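From a predicted model like this one, the values you see are computed outputs, not experimental measurements. Nothing fancy with the numbering, it's 1 onward along the sequence.
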Amino acid sequence: MEKTKRVSLFYKVFSLLSVVRGYNILVLVLAQYLASIYIFSPEKSVRHVVFDLHLLFVIIASICVVASGYIINNFYDSRADKINRPYKAGLDSYVSQQTKLTLYFTLNFVGVIFAYLVSWKSAAFFSVYIFGIWFYSHKLKKYPLTGLIAATVLTILPFFVIFVYFKNFSKIIFVHAVFLFLVIMVRELIKDLENMKGAVASNYKTFPVAYGEKNTKLFSVFLLLLTLGPVIFLFNYPAISYMKYYFYITMVSLILVGFGLFKSTRKRHYTILHTALKILLLLGVLSLVFIDPSLIIEKVIDRLN
C-alpha cells in the first residue's frame, strides 16, 4: 500500500511538471540570469546579480505567472491535446482539473505579490501579463493572426521583463529581440502545423487551418529570411564577441529548417523541425556566456575573492 502511494505521488509530481512545462521554465530562469549577468549588467559581479533580491523577486514572479499560464493553456487545450499529444495528455490527467485551477489562482496570486515587492509597476505588468495569457488561451488562440502574434509576444515578454528591470534599452538588445520574435513566430507556426488535427477538432482557426499548409510554409520561410536582417546587423557589433559563432550556426540551421519545411508532409516531420528550433533557442541562451570571455574570467576571480 505504501509503495502504491509513493508511485502515485511520483506520477502526480511528474504530471504537474509536465503541465507547467518544467523544462521551459528552467530555460527561462537560466536565460534571465545569464542575460542579467552578461548583457544587462556586465559591470556588476556575479555575486551582486545573483544576490540582487529584487531581481530574484522578478524571476520568481516570472516563474509563477508563466507556470500558471501553462496550466490555464493546458486546461483549455485538454480536448485538442488528447488528439495531438495523447501520451502527454494521459500523463497530465494524473492531476485533476480542480487541482490545476486551484494551483493556477495560487501561482498568479504569489506571482503578483512578489512583483509588488519590487514595485507597483512590476505588479501591474505581471497582472496585465496574467490577463493576456488567460485571454489568449480563452479567445485569441482560436484565430489565425491574433493568436500567432499573441503567442509570440507572450513567449518573449518574461525574458525581456529583465531588461526593463535594468533599464538597459540599447539598440543591440532591441535587434536581438526582433531576431527572437521572428524565430519564435516560426516555431509557433510549425507547432500549429504539427497540431492541425487537434485544432480542427477544437474549432481553433489557427494559421494552417485558416490559410492552408502551403501558405503557412511560405509565410514561415518569409519570416526565416527576415531573420537574416537582425543577424547581419548583430555581426557589425564587436560586443557579441564569440557569440557570432552561434549566429553562424543559426543561419545554417534556419536555412535547413526552411528546406525541411517544404519537404515535410507528416506530423513527425513538423515535430523534428519544432524540436530543432527549441534546441537552437536553448543554444542561444547558453551562448550568452561567450559574449565577452574576459568577463567570465573576471567574474570567476571576483567570486573567488
Option from Glu194, Lys191, Glu188, His269 for which side-chain hydrogen bond (donor to acceptor under 3.5 Å, both in side chains) with His274 holds: Glu194
Minimum-distance pair of heavy atoms, taken over all atoms of Val66 and Pro158: CG2-CG, 3.7 Å
Output field: ring centroids Phe131/Phe135 closer than 6.0 Å: yes
Co-membership, hydrophobic cluster, residues Leu225 and Met185, 4.5 Å side-chain: yes
Note, Val209 side chain near Pro144 side chain (heavy atom, < 4.5 Å): no
Greater than 12 external heavy atoms within 6.0 Å of Tyr116's OH: no
Lys267 atom NZ: more than 12 heavy-atom contacts under 6.0 Å: yes
Stepwise side-chain contact (heavy atoms from CB on, under 4.5 Å) test for Leu193 and Leu261: CA-CA 10 Å; Leu193 285 166; Leu261 196 55; 4.1 Å; yes
Reported OG-to-CG distance for the pair Ser220 and Leu189, which is rounded to 0.5 angstrom: 4.0 Å
Trp134 side chain to Tyr76 side chain, donor-acceptor N/O pair below 3.5 angstrom: yes
Ile279 vs Leu283, side-chain contact (heavy atoms from CB on, under 4.5 Å): CA-CA, chis, key distance, verdict: CA-CA 6 Å; Ile279 293 171; Leu283 289 175; 4.3 Å; yes
Step-by-step side-chain contact (heavy atoms from CB on, under 4.5 Å) determination, Ser36 to Leu55: CA-CA 9 Å; Ser36 298; Leu55 174 61; 3.8 Å; yes
Aromatic ring pairing Phe207/Tyr211, orientation class (parallel under 30°, perpendicular over 60°, tilted between): tilted
Student check: side-chain heavy atoms of Leu53 and Val118 closer than 4.5 Å: no
Pair listing, side chain to side chain donor-acceptor pair (under 3.5 Å) test, anchored in residues 143-159, at least two apart: none
Sub-4.5 Å side-chain heavy-atom contact between Cys64 and Asn108: no
Pair Phe179 + Phe233: ring centers closer than 6.0 Å: no
Pairwise distance CD1(Ile190) to OG(Ser264) - rounded to 0.5 angstrom: 8.0 Å
Cluster link Phe57 to Val128, ILVMFWY, side chain under 4.5 Å: no
Side chain to side chain, Tyr136 and Lys141, heavy atoms closer than 4.5 Å: yes
Neighbour count >12 (heavy atoms, 6.0 Å) for atom CZ, Phe262: yes
For the student: nearest non-hydrogen atoms of Gly258 and Val221, plus distance: O-CG2, 4.2 Å
Thr250 vs Val183 side-chain heavy atoms within contact, under 4.5 Å: no
Side-chain heavy-atom pair Phe247, Phe235 within 4.5 angstrom cut-off: yes
Same apolar cluster: Val178 and Phe181, side chain cutoff 4.5 Å: yes
Least distance between heavy atoms, Pro208 atom then Thr216 atom: CA-OG1, 3.2 Å
side-chain contact (heavy atoms from CB on, under 4.5 Å) assessment of Ile133 paired with Ser68: CA-CA 9 Å; Ile133 291 179; Ser68 71; 5.6 Å; no
OG on Ser253 to OH on Tyr246, rounded to 0.5 Å: 8.0 Å
ILVMFWY cluster, Leu228 and Leu256 together (side-chain gap under 4.5 Å): no
Any residue meeting salt bridge (Lys or Arg N to Asp or Glu O under 4.0 Å) with Glu213, in chain and number order, not counting sequence neighbours: none
Sub-4.5 Å side-chain heavy-atom contact between Gln32 and Val161: yes
Shortest non-hydrogen contact from Arg187 toward Leu281: NH1-CD1, 4.1 Å
Over 12 foreign heavy atoms within 6.0 Å of OH, Tyr23: yes
Spacing of Ile59 atom CD1 and Phe114 atom CZ [to the nearest 0.5 Å]: 12.5 Å
Between Ser119 and Ser122, a side-chain donor and acceptor under 3.5 Å: no
Spacing of CG belonging to Leu154 relative to CG belonging to Leu140, to within rounding of 0.5 Å: 8.5 Å
Side-chain touch Val58/His54, heavy atoms, less than 4.5 angstrom: no
Connected via hydrophobic side-chain network under 4.5 Å: Phe219 and Phe259: no
Contact summary for Pro230 and Leu182, nearest pair of heavy atoms: CG-CD1, 4.4 Å
Straight-line distance of Ile72 CD1 to Ile130 CD1, nearest 0.5 Å: 11.5 Å
Whether Asn74 side chain and Tyr70 backbone form a donor-acceptor pair below 3.5 Å: no
Where Val112 and Ser127 come nearest, the two heavy atoms and their spacing: CG2-OG, 3.8 Å
